[in-house]
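Just so it is clear, the values below take in all heavy atoms, side chains as well, and ignore hydrogens, waters and symmetry mates.
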Number of protein chains: 2
Amino acid sequence: MNQTLDILKRSGLSVTEGRREILNLFIQSEGALAHADIESNTKISFDRVTVYRTLQTFVENGIIHQIPTTDNTILYALCKDKCGSGHHHDEHVHFICNDCEKTICLDDVIVPSVKFPEGFHPLQSAMVVKGICSDCIKN
Amino acid sequence: MNQTLDILKRSGLSVTEGRREILNLFIQSEGALAHADIESNTKISFDRVTVYRTLQTFVENGIIHQIPTTDNTILYALCKDKCGSGHHHDEHVHFICNDCEKTICLDDVIVPSVKFPEGFHPLQSAMVVKGICSDCIKN
DNA sequence: AACTATTTGCAACAATATTGCAAATATACT
DNA sequence: AGTATATTTGCAATATTGTTGCAAATAGTT
Ligand SMILES: [Mn+2]
Ligand SMILES: [Mn+2]
Ligand SMILES: [Zn+2]
Ligand SMILES: [Zn+2]
């Protein structure tokens, strides 16, 4: 049984063409994807609404996670850890390359914990770093 | 000379009613502001377009900085350090309260540096933490 | 194969963002 | 203070992005 099917079944989601293709896109893709990337990169064209709903479903089921940006988009990337419904625990650093514009999950770079002032109770942390990625530094 | 005027002049920006009022809003406001907050909280109502352009100008001149989010909004907050044109250096942690929904600049909590894999050259880091803020923890 | 629960596409709508251009305003200069 | 010049603003038109209800289509179940 292939990976795509595997992931969908494990989450108890019914297997549809849209979910299969979108999930595949994430599996094959190196970097994170925005809604717009998905719309333009799927062979079969799905309705925009389906893409929105599929992404939402995947996030809710711990299949993909969101990456915050400062440009009115949300990026999504495959969860590699064993995230479940509502339980995301991929607190890794995300790297945005200024050159190739790719956003990469640095799965092995854990977001460090910091000391907060009295009274602040942190629950989830996100860290996004901009710079030059390892591919682009060569050129 | 008041603070608002001071900031605008120091950046070499011409002083207009829109810029004065929007900058004032930032100075008075506790937390970060989204575009929508600005539209609804300014007494005199400016065109949406003016708000967009004003925010952009302020960011470019190091008057305000952006805070990434995962909900298709960009938050903006006053720069407290001496940022200039294109040179932002407010690498502090941002705290989003799940309760009161405010986003607070923790100016004294510096984003820690992390060790990146070979070839990755970080330039700017952002860290956003969700949780319960010091005001809300009391209730 | 038939039944049921879920998902999809469509349509309509709402919200958000971008651009060109002429009118209004701010600053610089005399 | 008055005029010239540079900058900013509002408007209109357009584009992009996101949401909702509902009927048709499809997937899982028996
Ligand atoms: Mn990631
Ligand atoms: Mn800040
Ligand atoms: Zn790169
Ligand atoms: Zn709070």
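Taking atom CG on B:L13 and atom C1' on D:dT9, their separation rounds to 15 Å, with Å as the unit. Rounded to a whole Å, the CZ atom of B:R48 is 12 Å from the C1' atom of D:dT17. Note: OH (B:Y52) to C1' (C:dG20) measures 17 Å, nearest angstrom. B:I38 has its CD1 atom 18 Å from the P atom of C:dA15, to the nearest Å. In this structure, CZ of B:R19 is placed 12 Å from P of D:dG10, rounded to the nearest angstrom. Rounded to whole Å, the distance from CD on A:E60 to P on C:dT7 is 11 Å. We find that CG of B:L55 is positioned 10 Å from P of C:dA17, with the value rounded to whole Å. Distance B:H35 NE2 to D:dT17 P: 17 Å, rounded to the nearest Å.
Nearest-nucleotide assignment on DNA chain D puts the 5′-proximal partner with B:T57, out of B:V49 and B:T57. Of the two residues contacting DNA chain C, namely B:A36 and B:V15, the nearest-nucleotide position lying further toward the 5' end is that of B:A36.
The shortest side-chain heavy-atom distance between A:I132 and B:F120 does not fall under the 4.5 Å cut-off. Residues A:C105 and A:H94 are in side-chain contact: their nearest non-hydrogen atoms beyond the backbone lie under 4.5 Å apart. Side-chain contact between A:I27 and A:I7 is present, with at least one heavy-atom pair separated by less than 4.5 Å.
Contact annotation: A:N72 side-chain N/O to C:dA17 OP1/OP2 distance is under 4.0 Å. Using a 4.0 Å cut-off, some side-chain N or O of A:T50 falls inside it from OP1 or OP2 of C:dG9. The shortest distance between the side-chain N/O atoms of B:S14 and the OP1/OP2 oxygens of C:dT27 is not below 4.0 Å.
Under the ring-ring contact (aromatic ring centres under 6.0 Å, His included) criterion, the residue pairs touching residues 5-48 of chain B are B:H35-B:Y52, with sequence neighbours excluded.
Minimum atom distance to the side chain of A:T54 is reached by C:dT8, of the listed D:dG10, C:dT8, D:dT8.
In this model, a side-chain donor or acceptor of A:R53 finds a partner on the base of C:dG9 within 3.5 Å.
Ring-centre distance between A:F58 and A:Y76: not below the 6.0 Å cut-off.
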